[in-house]
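Report on one structure; see the data block that follows.
As the structure lists them, so they are numbered: ligands from 1, and atoms in each ligand from 1.
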Amino acid sequence: MKDLVFDYTRATDFFRMEELAEMAPAAEWAAKRLTSGQGPGSEFTGWIDWPVETDRHEMERILACADRLREKADILVVVGIGGSYLGTKAALSMLEPAFDWLKAAVSRTSPHIIFAGTQLSGTYHQELLKALEGRDFAVNVISKSGTTTEPAVAFRALRRMLEERYGEAGARDRIVATTDSTSGALRKLALEKGYETFVVPDDVGGRFSVLTAVGLLPMAVAGLDIQAMMAGAVRMRERSQLPFGENPALQYAAMRNIFLRKGKEIEIMTYYEPGFQYLAEWWKQLYGESEGKDGKGIFPASAGFTTDLHSMGQYIQDGRRQLFETVLLVEEPPADLTIEEVEGNPDGLNYLAGKTLNYVNAMAAEGTLQAHTEGGVPNLLIRLPEITEAQLGALFYFYEIACGVSGLLLGVNPFDQPGVEAYKKNMFRLLGKP
Ligand code: PA5
């Protein structure tokens, strides 16, 4: 497997190498605290060793359950919010062919995965129920706490639909719950109803759970190679133990904090493959919830290029200079299209004849990098060799470990999310929750 590369060499106009050398021991110290369980929130660092600790039995159970659901249903509805769905959505957007959803159910080799409980829209959920009429579907309800309102409400409606259609026993065969090992309303309900269950480990928080059953089960149902994904994560775990100079995650964490100290308070993840849109959403949740607290943090934003060069490009080039960019580039995208020569050159594009779209995209990326750098926006690069399960596993782990280190460098507990409670308190009061 080729390794991803973190490259800060295109941002050297914006920091001094001595600053990076000074930050290196702090990053190594933070990594040591993180991995030895001494930092704040250390009771939620089970994800660090999870790729090497997941036992074979758990993997086999996930794969067997996925096979069962694949046989039973044309559609799997994943019910969950935040860390309980974003990783799966990111993986599917990156790894499934973009237009697979156009295929009729009969010609698909894997069930179509759709999502519910990711918000509280009545329109979305009513339309979803309508769309599921007459379709064979199964449900994977995922909630670590087992008490989150959004998935609980959606699951209530879907469960009822399954029970009315297939009876209690038929519904039981089509519902799998992924939740806490002992507590929460979902665990209780799963026990009462006899659903197959998977556990979100106690020491793994929602936004760090993509490589547990939370992400692995629905990905396996979709036909992704979850073993290759875990192997990629294992490889990145090894690299994350190397000294600073060879450790991409530590370098990324260090560079973010160097830029923050220079007033670059907003990081924009940019990418040139539309399939990365939900990876960016997953990353925003990971970094936003982990770092945005105690009046601190880097605001994580994202922009998909070249699309957003026609919307956000103006601001990035020319607006307030509190930005830095981390660009996700793919060395070898999975497919390509060659631009053909057209007689008479009516659209003036013959100068591109024989070139591929990926080449044009790469030139757009280089041109943008030069322009944004000249405009005062430092550009960090993450070079992904290819888009595969193994690379994504490595990338998930890279972002997670860098997030833990970066949070400790920032001086926050990266593993809690006290601010999320504020809206819930008000909402429950307004709803008259007993
Ligand atoms: O990272 C987190 O802990 C959160 O974003 C959760 O993933 C999200 O709130 C969903 O929680 P739960 O899985 O308990 O329903």
Side-chain angles (χ1 to χ4, degrees), residues 34 40-48 50 77-91 115-120 125 139-159 175-190 195 197-219 278-293 297 300 396-397 399-404 406-407 412-428 433:
L34 180 70
S42 59
E43 64 277 27
F44 292 111
T45 49
W47 53 272
I48 296 174
W50 188 253
V77 186
V78 172
V79 184
I81 195 166
S84 290
Y85 93 102
L86 279 166
T88 301
K89 182 96 180 161
F115 296 86
T118 61
Q119 22 65 24
L120 288 165
H125 288 92
V139 170
N140 180 197
V141 54
I142 308 172
S143 176
K144 180 172 180 186
S145 62
T147 55
T148 308
T149 311
E150 289 88 341
V153 169
F155 182 51
R156 181 181 272 215
L158 288 160
R159 189 171 76 236
I175 294 174
V176 178
T178 307
T179 188
D180 183 80
S181 57
T182 48
S183 66
L186 181 57
R187 167 61 57 185
K188 199 165 156 261
L189 184 69
Y195 301 146
T197 58
F198 288 87
V199 168
V200 191
D202 289 346
D203 54 2
V204 179
R207 58 189 174 277
F208 289 86
S209 68
V210 57
L211 296 172
T212 70
V214 168
L216 296 181
L217 175 62
M219 288 184 214
Y278 275 91
L279 180 75
E281 295 304 319
W282 173 84
W283 169 83
K284 284 195 276 193
Q285 190 220 359
L286 182 65
Y287 280 75
E289 274 192 0
S290 300
E291 291 191 327
K293 55 195 68 158
F396 278 142
Y397 195 87
Y399 280 128
E400 287 178 351
I401 204 90
C403 182
S406 183
V412 297
N413 172 356
F415 306 112
D416 64 2
Q417 53 283 330
V420 180
E421 293 311 309
Y423 97 90
K424 292 186 195 168
K425 244 169 70 187
N426 292 341
M427 176 179 78
F428 291 146
K433 184 178 176 183

Closest to atom 11 (O) of ligand 1 among protein heavy atoms sits Thr148 OG1, 3.6 Å
Which residue from Leu286, Val204, Val79, Ile81 reaches closest to atom 10 (C) of ligand 1 through any of its heavy atoms?
Ile81
Would you call the rings of Trp47 and Phe208 parallel, tilted or perpendicular, taking 30° and 60° as the class edges?
parallel
For atom 15 (O) of ligand 1, is the nearest protein heavy atom closer than 4.0 Å?
yes
State, with a plain yes or no, whether a side-chain heavy atom of Val77 is found less than 4.5 Å away from one of Phe115.
no
Distance-only, no hydrogens or angles: does the Thr178 side chain make a donor-acceptor pair with backbone N or O of Ile142 under 3.5 Å?
no
Looking at side-chain heavy atoms only, is the closest gap between Ser406 and Glu291 below 4.5 Å?
yes
Which protein heavy atom lies closest to atom 1 (O) of ligand 1, and at what distance to 0.1 Å?
Arg207 N, 2.9 Å
Quick one: which ligand 1 atoms are inside 4.0 Å of a heavy atom on Ser143?
12 (P), 13 (O), 14 (O), 15 (O)
Atom 5 (O) of ligand 1 [closest protein heavy-atom partner, distance rounded to 0.1 Å]:
Gln285 NE2, 2.4 Å
In terms of residue, atom name and distance, what is the protein heavy atom nearest to atom 2 (C) of ligand 1?
Glu289 OE1, 3.4 Å
Taking the side chain as C-beta and beyond, is there a heavy-atom pair between Asp180 and Val199 under 4.5 Å?
no
Count the heavy atoms belonging to other residues, nucleotides or ligands that lie under 6.0 Å from NZ of Lys424, then report whether that count exceeds 12.
yes
Taking only non-hydrogen atoms of Glu150, do any sit less than 4.0 angstrom from ligand 1?
no
In ligand 1, the atoms that come under 4.0 Å of a heavy atom of Gly206 are 1 (O), 2 (C), 3 (O), 7 (O)
Are side-chain N/O atoms of Ser290 and Arg207 paired as donor and acceptor at under 3.5 Å?
yes
Can you pull out the closest protein heavy atom to atom 7 (O) of ligand 1? Residue, atom name and distance to 0.1 Å, please.
Gly83 N, 2.9 Å
